[in-house]
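Numbers for residues simply follow the sequence, beginning at 1.
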Amino acid sequence: MGRRKTAVARVRLFPNGDGSITVNGKPAQNYFGLRDTHLATIAAPLRALDLNNTYTMTVRVVGGGTTGQAGAIRHALARALVRQNAEFKAALRKAGYLTRDPRMKERKKPGLKRARKAPQYTKR
């Protein structure tokens with residue numbers, strides 16, 4: 001399980017796989033479209049450990065946008081790899097993939113236009 005903003009991802013790893021990634025029943029290339037940065041974000045923990053084509057991955061992800069979902073998948077994948085082999089923990093922790101990113105959208109406050117933007121001040 002991994003989270004980022006309002007996205008929640010569940011990852012299943014299958015060892016001795018071909019390196020394919022399926023997100024919500026679709027190949028990751030189709031799910032994320034033309035954004036190669038999202039695919040790079042997802043595969044980052046595997047690249048950090050030089051495990052590029054050793055696992056097949058299936059992912060269920062809900063909530064948020066594509067960037068948040070990619071971050072949630074990265075977090076979930078890192079946690080799943082540590083569950084599989086505890087020796088991976090040091091390298092993934094150093095790369096920052098095991099830390100849940102707490103940055104979320106700030107809520108709108110009453111009397112303001114957005115979270116912090118106030119209406120324009122008029123003197124007269």
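- Closest of all the heavy-atom pairs between Ala7 and Ala72 is O-CB, 3.8 Å.
- Legend: side-chain hydrogen bond (donor to acceptor under 3.5 Å, both in side chains) pairs involving residues 37-47, not counting sequence neighbours, sorted by first then second residue: His38-Thr66.
- More than 12 heavy atoms of other shown residues, nucleotides or ligands fall within 6.0 angstrom of atom CG in Asn30.
- Listed for the Gln69 side chain is a donor-acceptor partner under 3.5 Å among the backbone atoms of Gly63.
- To the nearest 0.5 Å, atoms CZ (Arg100) and NE2 (His75) are separated by 7.5 Å.
- By the side-chain contact (heavy atoms from CB on, under 4.5 Å) test, Thr99 is found to be paired with Arg93, residues two or more places apart in sequence or in another chain being considered.
- By the 6.0 Å contact criterion, NZ on Lys108 is enclosed, its count of non-hydrogen atoms from other residues, nucleotides or ligands being greater than 12.
- Shown here is Lys105, whose NZ atom has no more than 12 heavy atoms of other residues, nucleotides or ligands within 6.0 Å.
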Notebook entry, point to check: Passes side chain to side chain contact (heavy atoms under 4.5 Å, CB included), Arg103 versus Arg4? Steps please.
Noted result: CA-CA 8 Å; Arg103 294 176 295 170; Arg4 171 76 176 97; 3.7 Å; yes
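- By the salt bridge (charged side-chain N to carboxylate O under 4.0 Å, His left out) test, Arg107 pairs with no residue at all, sequence neighbours left out.
- Sorted by first and then second residue, the salt bridge (Lys or Arg N to Asp or Glu O under 4.0 Å) pairs with a member in residues 74-87 form an empty list; sequence neighbours excluded.
- Counting Ile, Leu, Val, Met, Phe, Trp and Tyr side chains that sit under 4.5 Å apart, directly or through other members, Leu81 shares a hydrophobic cluster with Val11, Leu13, Ile21, Val23, Tyr31, Phe32, Leu39, Ile42, Leu46, Leu49, Leu51, Tyr55, Met57, Val59, Val61, Ile73, Leu77, Val82, Phe88, Leu92, Tyr97, Leu98.
- For residues 113-124, every residue pair satisfying the salt bridge (Lys or Arg N to Asp or Glu O under 4.0 Å) rule, not counting sequence neighbours, is listed here: Glu106-Arg116.
- Atoms CZ and OG1, on Arg10 and Thr58 in that order, are 10.0 Å from each other to the nearest 0.5 Å.
- In this structure, the separation between CE on Met1 and CZ on Arg60 is 12.5 Å, given to the nearest 0.5 Å.
- The two residues Gly111 and Pro119 make their nearest non-hydrogen contact at O-CD, 3.5 Å.
- Here the closest heavy-atom approach between residue Gly19 and residue Thr56 is recorded as N-OG1, 4.0 Å.
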